[in-house]
Amino acid sequence: MSLNRLMMTGCKNSGDADGIKAMLTVSPTFPSSYGYNGNINKGAITPNPLPNGVRITYLEVEDGKKVYISPNVPVTINGITVSDGEVSPAPLVDYLINNLGKQVPVIFNF
C-alpha cells in the first residue's frame with residue numbers, strides 16, 4: 001500500500017491502527033531546533049490538517065533539550081516515539097539534521 005493511500009485511510013490497514021501517517025518536511029525552525037513550525041512558516045506537515053481533521057501547529061525537536069508538539073500527541077519518527085515536553089533523543093536529532101530539507105514519514109499516535 002502506498003504512503004498516499006495510507007495517509008488517506010488513516011493507516012487502518014497498515015499495522016498502525018492508532019496512528020495517522022503524514023510527511024514532515026524538515027527545516028531548521030530556531031537555532032538548534034528542527035522540524036515544522038506553522039507559526040513562523042518553517043518546514044511542513046503534509047497533509048495538514050490530518051485526515052482526522054486535526055491541524056498540527058508545530059512539531060519541533062530541540063537539540064539536547066525538549067520535543068515540542070502541538071496539539072500534544074505522541075509521534076513516531078524513524079522508529080522513535082516521543083511526546084511533547086520529553087527530552088530530545090540524540091538519535092532523533094541526528095536523523096532530523098541529516099534530513100534537513102527532505103521529507104520524512106511521521107506517525108501521529110492518537
Side-chain angles (χ1 to χ4, degrees):
M1 185 180 294
S2 72
L3 180 60
N4 287 338
R5 185 166 178 177
L6 287 174
M7 290 184 342
M8 301 314 283
T9 62
C11 302
K12 290 180 183 165
N13 298 318
S14 71
D16 298 314
D18 296 328
I20 295 177
K21 286 192 178 185
M23 295 302 288
L24 165 65
T25 303
V26 182
S27 175
T29 53
F30 290 102
S32 300
S33 291
Y34 309 95
Y36 160 71
N37 188 319
N39 295 327
I40 59 171
N41 296 319
K42 297 284 188 173
I45 297 284
T46 307
N48 196 12
L50 300 173
N52 65 352
V54 173
R55 180 172 294 281
I56 304 302
T57 307
Y58 51 82
L59 168 52
E60 297 177 273
V61 177
E62 188 174 10
D63 191 2
K65 296 194 179 172
K66 288 188 176 183
V67 175
Y68 302 95
I69 306 167
S70 179
N72 186 359
V73 57
V75 299
T76 303
I77 301 172
N78 196 37
I80 303 167
T81 301
V82 293
S83 296
D84 185 67
E86 287 186 10
V87 174
S88 306
L92 179 57
V93 173
D94 293 342
Y95 177 76
L96 294 176
I97 290 171
N98 290 333
N99 285 285
L100 283 173
K102 300 176 185 173
Q103 288 189 325
V104 298
V106 58
I107 300 171
F108 291 89
N109 302 298
F110 288 94

Yes or no on side chain to side chain contact (heavy atoms under 4.5 Å, CB included) for Leu96 and Leu24, after CA distance, side-chain angles and deciding distance? CA-CA 10 Å; Leu96 294 176; Leu24 165 65; 4.2 Å; yes
So Phe30 and Ile40, side chain to side chain contact (heavy atoms under 4.5 Å, CB included) or not? Walk me through it. CA-CA 10 Å; Phe30 290 102; Ile40 59 171; 3.8 Å; yes
Using side chain to side chain contact (heavy atoms under 4.5 Å, CB included), reason through Phe108 and Ile56 one step at a time and then give a plain yes or no. CA-CA 10 Å; Phe108 291 89; Ile56 304 302; 3.6 Å; yes
Set out, in order, the CA-CA distance, both residues' side-chain angles and the distance that settles side chain to side chain contact (heavy atoms under 4.5 Å, CB included) for Tyr68 and Asp84, then state yes or no. CA-CA 5 Å; Tyr68 302 95; Asp84 185 67; 4.2 Å; yes
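Annotation: side chain of Asn48 is in contact with side chain of Tyr36 (closest heavy-atom distance under 4.5 Å). Using a 4.5 Å heavy-atom threshold, the side chains of Thr76 and Asn109 count as touching. When side chains are defined from C-beta on, Ser27 does not count as touching Leu100, because their heavy atoms never get closer than 4.5 Å. Between Phe110 and Val54 the shortest side-chain heavy-atom distance falls below 4.5 Å.
In this structure, the separation between CG on Leu50 and CD1 on Ile20 is 5.5 Å, given to the nearest 0.5 Å. Note that CG of Asn41 and OG1 of Thr29 are 12.5 Å apart. Values are rounded to the nearest 0.5 Å.
Note on Val61: it does not cluster hydrophobically with Tyr58, by side-chain heavy-atom contacts below 4.5 Å among ILVMFWY residues. By the criterion of side-chain heavy atoms lying less than 4.5 angstrom apart, applied directly or through intervening Ile, Leu, Val, Met, Phe, Trp or Tyr residues, Ile77 is grouped together with Val82 in one hydrophobic cluster. Residues Val67 and Ile97 fall within the same hydrophobic cluster, defined by Ile, Leu, Val, Met, Phe, Trp and Tyr side chains chained together at heavy-atom separations under 4.5 Å.
Minimum heavy-atom separation, Ser83 to Ile69: C-CD1, 3.9 Å. Val26 and Asn99 make their closest contact through CB-O, 3.5 Å (heavy atoms, listed as atom of the first residue, atom of the second, distance). Closest heavy-atom contact between Pro51 and Pro47: CD-CG, 3.9 Å. For Pro28 against Tyr34, the heavy-atom pair with the smallest separation is CA-CD2, 4.1 Å. The two residues Thr57 and Pro71 make their nearest non-hydrogen contact at N-CD, 4.5 Å.
Of the possible polar contacts, one joining the Ser88 side chain to the Glu62 backbone as a donor-acceptor pair under 3.5 Å is found.
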